[in-house]
Each structure stands twice: as C-alpha cells, then as structure tokens.
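Comments concern the structure below.
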Amino acid sequence: MVMDVHGRDLRYFAAVAEELHFTRAAERLYVSQPALSKQIRMLEKQVGAALFERDRRDVRLSAVGAALLPHAQRILAEWEEAQEAVAGVVADQATALVVGMSTSPGRGGVLPAIRSRFTAARPDARLRLRQVSWHDPTAGLAEGTCDVAFVWLPLPDPDRYRWVVVAEEPRLVALPDRHPLADRESVDFADLLDEPFLALPDSAGPLRDYWLATEARGGRPARIGAEVASTEETYEALVAGLGVVLLAVGNSPLITLGGVVTRAVRGISPSRFALAWRADDRRPLVREYAHACELAAGTAD
C-alpha cells in the first residue's frame, strides 16, 4: 500500500498522540478542534486503521497509532533539522560573496576602494576571494564557483553575463630586453606581426584572440611561440625568448622582473578590465557589489 502523507498530517497526529487530548492539541497547533479531528480522520482513512481509541472521557493510542508515533516523531525531527540546514545555507548565501579573479584587481587601489564602499553598505557581508586559472576566462562564473568575478573583456557567451568596466588600460608589449625592438620607446603593432606571440590556452576563447590582437592583423594569423596560463609561465617564456606578449599597463610590474621590458604599442585598442556576474543572478548582494565597483570606477549614475 502506498500512502501520500503530508508533513502536516504527521504533525497533527503527533500533537494529538503527545497530548492525548484533541482540544489541547488544536490549541498547540493553532487550528480549530473540528479541523484537527477531520484531518486525523483523513489520515486514518489513508492508513486504513484507527490511530486513536476514543470515548467520552479519554483519548488513547491504538496499537497502530503506537506503532506509527516514533516514526512520525523521527520524520518530523529530521525535517526540522533539514529546514534549519537549508535556512543556514540560504542565510550564508545572502551574506557571503565569492569573488573570482585570474588577474589581481589591485590596479592603483581599485580593490580597496571597492571593498570600503561595499562593506559600508553591507557590514554584515563576508567576501571570499578565489584565484582562478587563465584557462577559464570567466574566472569561475561559468561553472558557478564564483558569484562575481574580475575579468578581461571580451567574455565568451556574453549574453550570459552583465558587467561594469572597472579600468580601461592601454595594451603594452612585453619582450625580452635583448629583443631588437626593446631599444624603442614605443612600437607600431605592424612591427609585431611576424613576431611569435605567447597565447592564452584555447579554452580562453575570444580572450585568446583579443590578447593576440587578431582584430588588428588584417586577416593574418598570429604565430604562436608558446601557450601560457599564468604570470609565472609568461615571465619564464619571455626570458626564454619564446615570444612576445600583449598585456595591460596595470600588469606590467608583474612581468618586468628582470630580463623583460614593456613598450607602448600604437595601432591597437586599450584593454577593459571589468567586474562581471551572471545575468540571471539577481541577488541583492551581487548588485550591491557591482554598485560598489561603479562607485569606485566613477561610473555610477
């Protein structure tokens, strides 16, 4: 026999079984006594047996009711624990924000400025920073491991995301200090067309093409000297002479550690560093962090 018993049915039954008095049980449940009696009769119909023995003076558990009571109490206790667990997760999600990044968003004090504005608006919130590999151009947004993320534009599947630009920076070229172009103060991108370039992994999608400046090549494919997925790999490949690489001005100090120089490049657009989030994520905490970014970047209405 299959029974579709609701939690309310078990709660009503347990209250009567513990009180052994319909009126007191109804008061405890904040329902009328006739409504409670009706619900118990419906449960007995589903069970196929009487749960209580009644006379004008007393209410007693039947053998079937006595067998059911400990199971009902356990189910109700477990459901209460489940509700508490869910409530805890919901509360945690409401006050905790995971911020993904594959590039440091420090950039002249931008991150502290964002944090101060956000914590002023939401002192109860907790921020968790998560470093993500360059293999993921969304810095954890696509796989859902981050709530918001500092990313470089363009993003793959841009309709899935919303963003606010935090910084717009010229793109430089980094090259070994012994490279023939290292003696110049700046270079034309046309002078780099035949150079081997360090490239992001294929998984970076349109961002790989962007840092190869595909849009400025006039249809000529880039020569790939090596693939890199971190700042350390980029520096080592540059020192080894495997190629040159474009990077944002704000990232230049991470690369120019000795044996590497950066030069301004004419003929390519500046880079855009942004705070992004999933378009379908409408949680207030996400919107408030985005607004803090707008305030810090000076783009808020």
Side-chain angles (χ1 to χ4, degrees), residues 101-114 134 137 139 150-155 163-201 204-276 293 296-299:
M101 61 186 70
S102 55
T103 298
S104 170
R107 326 201 82 74
V110 170
L111 187 59
I114 294 170
W134 290 0
F150 289 99
V151 298
W152 293 102
L153 301 180
L155 283 168
W163 59 80
V164 54
V165 175
V166 175
E168 189 170 286
E169 301 175 355
R171 281 184 285 180
L172 308 179
V173 62
L175 32 77
D177 59 8
R178 60 183 181 278
H179 193 282
L181 296 176
D183 293 334
R184 302 186 188 181
E185 291 186 3
S186 62
V187 298
D188 290 316
F189 186 71
D191 296 331
L192 299 172
L193 290 176
D194 294 326
E195 294 289 331
F197 267 68
L198 306 182
L200 293 177
L207 202 57
R208 172 184 168 111
D209 291 335
Y210 181 77
W211 289 109
L212 293 173
T214 301
E215 80 285 354
R217 292 181 177 274
R220 294 176 61 178
R223 289 179 57 201
I224 307 302
E227 286 192 353
V228 291
S230 68
T231 301
E232 293 76 14
E233 289 182 11
T234 302
Y235 176 73
E236 294 299 331
L238 284 167
V239 172
L242 299 181
V244 301
V245 69
L246 297 178
L247 75 164
V249 165
N251 288 343
S252 179
L254 304 176
I255 295 298
T256 52
L257 304 177
V260 174
V261 296
T262 57
R263 297 291 181 259
V265 182
R266 297 182 294 271
I268 57 175
S269 62
S271 61
R272 292 187 300 159
F273 191 57
L275 185 280
C293 288
T299 59

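No hydrogens, no waters, no symmetry mates; every other heavy atom, side chains included, goes into these values.
Between V260 and P176, every side-chain heavy-atom pair lies at or beyond the 4.5 Å cut-off. Inter-residue side-chain proximity for V244 and F197 is flagged as met; some heavy-atom pair is nearer than 4.5 Å. Counting only heavy atoms from C-beta outward, the side chains of L155 and L153 approach each other to under 4.5 Å. Between T262 and L247, some side-chain heavy-atom pair lies under the 4.5 Å cut-off. Using a 4.5 Å heavy-atom cutoff, the side chains of D194 and R220 are in contact. With a 4.5 Å cut-off on side-chain heavy atoms, I224 and L212 count as touching.
Ring geometry for W152 against W211 counts as perpendicular: the plane angle is over 60°, on a 0 to 90° scale with 30° as the lower cut.
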Given the rule in the side-chain contact (heavy atoms from CB on, under 4.5 Å) test, do L181 and L192 qualify, once you have shown the distances and angles that lead to the verdict?
CA-CA 9 Å; L181 296 176; L192 299 172; 3.5 Å; yes

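A donor-acceptor pair under 3.5 Å is formed between the side chain of Y235 and the backbone N or O of G258.
A cation-pi arrangement is not found for R272 relative to Y210, the charged atom failing to lie both closer than 6.0 Å to the ring centre and inside a 45° cone about the ring normal.
With rounding to the nearest 0.5 angstrom, the CG atom of L242 is 12.5 Å from the CD atom of E227. The line from OG of S102 to CG of L200 is 9.0 Å long, rounded to the nearest 0.5 Å. Taken to the nearest 0.5 Å, the CG atom of D191 stands 9.5 Å off from the OG atom of S186. Put simply, CD1 on I268 and CG on L172 are 8.5 Å apart, with the number rounded to the nearest 0.5 Å. The structure places CG of N251 at 7.5 Å from CZ of F273, a figure rounded to the nearest 0.5 Å.
Heavy atoms only, all atoms of each residue included: F189 and A213 are closest at CZ-CB, 3.4 Å. Between E169 and A248, the shortest heavy-atom distance links the atoms OE1-CB, 3.2 Å. When all heavy atoms are compared, the tightest approach of G243 to L238 is O-CD2, 3.3 Å. Minimum heavy-atom separation, D188 to R266: OD1-NE, 2.7 Å. Residues R171 and L246 come closest through the heavy atom pair NH1-CD1, 4.3 Å. When every heavy atom of A274 is checked against every heavy atom of W163, the shortest pair comes out as CB-CB, 4.1 Å.
Checked against side-chain hydrogen bond (donor to acceptor under 3.5 Å, both in side chains), D177 has no partners two or more places apart in sequence or in another chain.
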